[in-house]
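Here the structure comes first, spelled out in structure tokens, and everything after it is commentary.
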Amino acid sequence: MKIHEFQAKVILENHGVPIQRGYSLTDENEIEKTIKKVQNDFNTEAVVVKAQIHAGGRGKGGGVKFCNTYEKALESAKNILGMNLITHQTGEEGKIVNQLLITEALNIKKEFYFALMFDRSKNADVFIVSTEGGVDIEEVAEKTPDKIVKAWVKEDMYPLSKAIDTIVDSLGLSSFDEAKEIFRKIFECYTESDCNLLEINPLVLTEDDKIIALDAKVDIDSNALFRQDLISTFHDKSEEDPLELKASEYGLNYIKLDGNVGCMVNGAGLAMATMDIIKHYGGEPANFLDVGGAANVETIKNGFKIILSDPNVKSILINIFGGIVRCDRVANGVIQAVKELNLNVGVVVRLQGTNALQAKKILDESDIDLISAETIDEAAKKAVGMVI
Amino acid sequence: MSILLNKNTNICVQGITGSEGLFHTEQMIDYGSKVVCGVTPGKGGQKATKESLPVFNSMMEAQKEFKIDASVIFVPPRFAANAILEAIESNIELIVCISEGIPVRDMKKVKNALDNSSSILIGPNCPGLITAEESKIGITPGFICKKGSIGILSRSGTLTYEAIDQIVNIGLGMTTAVGIGGDPIVGSSMIDILKHFKDDDETEGVVLIGEIGGNMENDAARWIKNNFNKPVVSFIAGQTAPKGKRMGHAGAIISEGSETAEAKIEILKECGISVAKTVSEIGKTMIKLVEEK
């Protein structure tokens, strides 16, 4: 689960990591008050106005403004709140800015890149740092890979203190007493908050020699939210695709794509393989949809509803491997759902597994317009054939 | 022969009194698995299933009464890591965790404990394993399996069933199918399981099913090239998956160049491994290889 910058800074601050201080707002009427409060509380004339959306590249897209006067801050805040911000991570359609963070401005001496994540190939957590902070790190990795330093952490194998020594050295921070302590606190925050990713870009050294997190991007392990009470309240539904959100409320795993062949499958791997074979036969999948292990009438009906909310869908391929779920039950579920929902797109059904033959018979003999198929191959060809 | 599991394997079910645990224990027994007992903390002394299997409070208690070769875990995700740790502490040889949704931080702890033990962990978030016509641990539908010569190894559940079905229907049959799970941290890698297939005389070829995310398939491909001389057919799901999106499995997310389906297929081919073009060609590709041999 992604969280906003201002929320990430809350958890960092709770772990004692120095952050660039500020206040967030959602209401336009709060802008004046908030700017004044930041100027007053943090003893600064200049402030930074930052759009809060779950995407990187906000600065380049015009969502972050440095303002050296109150008037400039007011103008920027009014412009950014409610704007449609387009960055390289939002896609062409952009994202509406519903929240702002207004922070103190700092005098920066040096900017660093910092990230902590899990490295699967080494089965260890890894610090990734660079002296080239504040810029696009992918670009740094490509052009000057030697400027990126990695240090791994794993119980019994790679001690945390050694990793911290490595990064402090590589960033030239050895002479700053509090540097090690800050990295230790960030690591503690990463672990205790169940972060998949904790990125600070930039982490800065100020003119008065303080190390401060100027930005923060955090992705939380959704499976651990049950023990993260505070972070659970950070879930921002407005950042999610409304269809994907609705699907998750139904307990379905749905991702919208750009094609016109809808698909409904049980199991993530088989769902991806089904999308791939649609493409193989010249079609374009309209979605990824995993209905999970228990494919019953209710899940199938909800699956249809979600798929059909996408107006591009011209045909639907249902591919269910009935293991514990019996195919004859799935077939009856499909028929009932099609009848109740008055479908006006072609539906191809392929059921394999327990009672597959009975299921095919039920489908073939039903009075509704369904096409049955025995193999994925046949099903994909037929579903694609309907839209080409 | 087969790998890891046969009809004589004594199995204990952790979480036997839950609805999932109970249902699948019955399914396992129906298939022929030798389930000897179960564990649910706080429910020690009860009986479970039609066979009235004894329930214990802990693995340690269960071990006093039974010789246990393998345990299978059907425990809610927030308690599952502790269940695995308990099985590791009890020196259970084979631990299979079906539970889905275990936090990564918990699995890091499990992985460290595994490194210092002799236990083998399959999963989590997996269908488990099945040795055709002998025994199954987990949720794989038994009726699709027939004895034969092909081993199956996969990161995905229903895709494993699809592969079994094709291998059986084309007449080759199977030895053991192992679903290692789709999470970022799993107990056994593809290479770990391939080593068992290498040593198994009955297994004459292996189906290797991967997907986007991670580098496990790439490591397996290179290992096969240097160490494994039985026919291998591979399939990688997720060629049409968009970048940066999580496709169901927690592990199925593309974050680096070598984690895409295209990159993996390329590496597999470079290592001389046949790659099925589509999911429906797994069986056909394998029989061609076996006949050529």
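Within every chain, numbering begins at 1; the chains are lettered A, B, ... in the order of the sequence lines, protein sequences first and strands thereafter. In this text the structure is predicted, and so the values were computed from the model without any measurement.
- Salt-bridge annotation for B:Arg105 and A:Asp125: absent, with no side-chain N of the basic residue lying under 4.0 Å from a carboxylate O of the acidic one.
- Of the two parts of A:Tyr254, neither the backbone nor the side chain holds a non-hydrogen atom closer than 4.5 Å to a non-hydrogen atom of chain B.
- The two residues B:Ser156 and A:Gly269 come nearest to each other via the heavy atoms OG-CA, 3.5 Å.
- Interface summary for chain A: among B:Met216, B:Lys111, B:Glu281, B:Lys109, the most heavy-atom pairs under 4.5 angstrom belong to B:Lys111.
- Formation of a donor-acceptor pair under 3.5 Å by the B:Asn215 side chain with backbone atoms of A:Ser121 is not found in this model.
- Within a 6.0 Å sphere centred on CG of A:Asp258, other residues, nucleotides and ligands contribute 12 heavy atoms or fewer.
- Of all non-hydrogen atoms in A:Gly353 and B:Phe143, the two that sit nearest each other are C-CZ, 3.3 Å.
- Annotation for A:Leu245: atom CG counts as buried by contact number, over 12 foreign heavy atoms lying within 6.0 Å.
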For B:Ile185 and A:Arg120: C-alpha separation, side-chain torsions, deciding distance, then whether side chain to side chain contact (heavy atoms under 4.5 Å, CB included) applies.
CA-CA 7 Å; B:Ile185 304 181; A:Arg120 282 203 230 177; 5.9 Å; no

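- If you measure heavy-atom distances from B:Asn116 to chain A, the contacts under 4.5 Å come from the side chain alone.
- In this structure, chain A has heavy atoms under 4.5 Å from both the backbone and the side chain of B:Tyr161.
- Most heavy-atom pairs under 4.5 Å with chain A, from the set B:Gly101, B:Gly142, B:Ser154: that is B:Gly101.
- For the pair A:Leu257 and B:Pro242, the tightest heavy-atom approach, listed with the atom from each and the gap, is CD2-CG, 3.5 Å.
- Counting only heavy atoms from C-beta outward, the side chains of B:Pro103 and A:Phe226 approach each other to under 4.5 Å.
- Proximity to chain A (any heavy atom under 4.5 Å) is restricted, for B:Ile102, to the backbone atoms N, CA, C and O.
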Under the side chain to side chain contact (heavy atoms under 4.5 Å, CB included) rule, what do B:Gln239 and A:Lys279 come out as? Steps first, then yes or no, please.
CA-CA 9 Å; B:Gln239 295 181 56; A:Lys279 178 104 175 178; over 6 Å; no

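- Expressed to the nearest 0.5 Å, how far OG1 of B:Thr278 lies from CD1 of A:Ile277 amounts to 3.5 Å.
- With rounding to the nearest 0.5 Å, the separation of NZ in B:Lys277 from NE2 in A:His280 is 6.0 Å.
- Chain B forms the most heavy-atom pairs under 4.5 Å with one residue out of A:Glu155, A:Gln89, A:Met157, A:Arg227, and that residue is A:Arg227.
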Under the side chain to side chain donor-acceptor pair (under 3.5 Å) criterion, do A:Asp276 and B:Thr240 qualify, and how do the steps go?
CA-CA 6 Å; A:Asp276 294 346; B:Thr240 46; 2.7 Å; yes

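- Within the model, atoms CZ of A:Phe321 and OG1 of B:Thr160 stand 10.0 Å from one another, a figure rounded to the nearest 0.5 Å.
- Both the backbone and the side chain of A:Asp377 come within contact range of chain B, each with at least one heavy atom under 4.5 Å from a heavy atom of that chain.
- Expressed to the nearest 0.5 Å, how far OG1 of A:Thr375 lies from CG of B:Asp165 amounts to 11.0 Å.
- Looking at A:Ser222, there are no atoms closer than 4.5 Å to chain B (heavy atoms on both sides), in backbone or side chain.
- In this structure, B:Ser280 contributes its side chain and A:Ile376 its backbone to no donor-acceptor pair below 3.5 Å.
- Atom CD of A:Glu249 is surrounded by more than 12 heavy atoms from other residues, nucleotides or ligands within 6.0 Å.
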Could you walk me through whether A:Lys154 and B:Asp115 pass side chain to side chain contact (heavy atoms under 4.5 Å, CB included), step by step?
CA-CA 12 Å; A:Lys154 190 181 179 185; B:Asp115 287 347; 3.1 Å; yes

